[in-house]
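First comes the structure, then the notes that go with it.
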Amino acid sequence: MTRILISADMEGATGVTWPADCLPGTPEWERCRPLFTSDVNAAIAGFLDGGADEVLVNEAHMTMRNLLLEQLDDRAEMLTGRHKALSMVEGVQRGDVDGIAFVGYHTGAGDEGVLAHTYLGNSLTGVFVDGVRASEGLLNALVSAEYGTPVVLVTGDDRTCADARGYAPDAETVAVKDYVSRYAAVCRTPARTAADIRAAAARAAPSAVRHDPAEPRPRTVEVEFDAEHLAGAATVVPGVEQTGPRRVAYTAPDMYEGIRCFKAVTTLVSAAVEEWYG
Ligand SMILES: [Zn+2]
């Protein structure tokens, strides 16, 4: 029995290159939802081609209500909506997920890449785990490792694929577009990217084999903002200390707590961002 979890984010989906494309409620977002669903369907089909038995899709973008259930491959199930203990990788804590796929991912805050950011669309200029700059992919890979679940497939722009080679060197990667600027990319059509994703997921399926859970160990997470008041806002979270004018840090006993504290920090900070001045 091979179980796959797909963590589906939208910034790295086929054809998505600027904020409105993935901002719920806009006409551009409506147009891009089928493109995003197509990427996810291609991954589902590929994993099942490759021998997987079950696929659960966890919506991981903003409101977590973007994919079109009515167009989803019938053989998969979808977890949609917000407020989940592990957010983007909700489900991995069940401990029975043999492989996880990051579909539609993107690079982290402060890096090159289409729509690069880490949780917050702006205001945050870098996240570091034990001194290493971290993307959402790296953060979620560290969480998944604590449950013995390897990352087997990553899709997004070409910079996202390069980033994945750092945290999941054995994963299959598919670049659905090539970075030109934060809001521009050379895109391939959904027919082409679906074929590429399906083939990569089929190749990745046999490597979905759970390993021993990574030994939980304390992790120091540092977060850097673009304005000093945001660092002050973040310190409301117990254990979060200001370490510089625009920087905070905390140490969590493991990545499960590390990612949950990060979520608390970003939620609080987003409430402190003013519309024009940040
Ligand atoms: Zn997103």
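Here the structure is a predicted model, which is why all the values come from computation and not from measurement. Ligands are counted one by one from 1 in listed order, and the atoms in each one are counted from 1 as well. The first residue of the sequence shown is numbered 1, and numbering continues consecutively from there. Scope of the values below: all heavy atoms of this structure, side chains included, with no hydrogens, waters or symmetry mates.
Residue-level check: among N/O/S atoms of Glu11, OE1 sits closest to the Zn ion (ligand 1). If you look at Asp9 and ask which of its N, O or S atoms sits nearest the Zn ion (ligand 1), the answer is OD1. If you look at His61 and ask which of its N, O or S atoms sits nearest the Zn ion (ligand 1), the answer is ND1.
For residues 244-255, every residue pair satisfying the salt bridge (charged side-chain N to carboxylate O under 4.0 Å, His left out) rule, not counting sequence neighbours, is listed here: Glu222-Arg247, Glu224-Arg247.
Taking the charged nitrogens against the carboxylate oxygens, Glu30 and Arg33 do have a contact shorter than 4.0 Å, which makes a salt bridge.
Between His117 and His106, the angle of the ring planes stays under 30°, which puts this pair in the parallel group of the 30/60° scheme.
Here the straight-line distance linking atom CZ of Arg165 with atom CG of Asp163 works out to 9.5 Å at 0.5 Å rounding.
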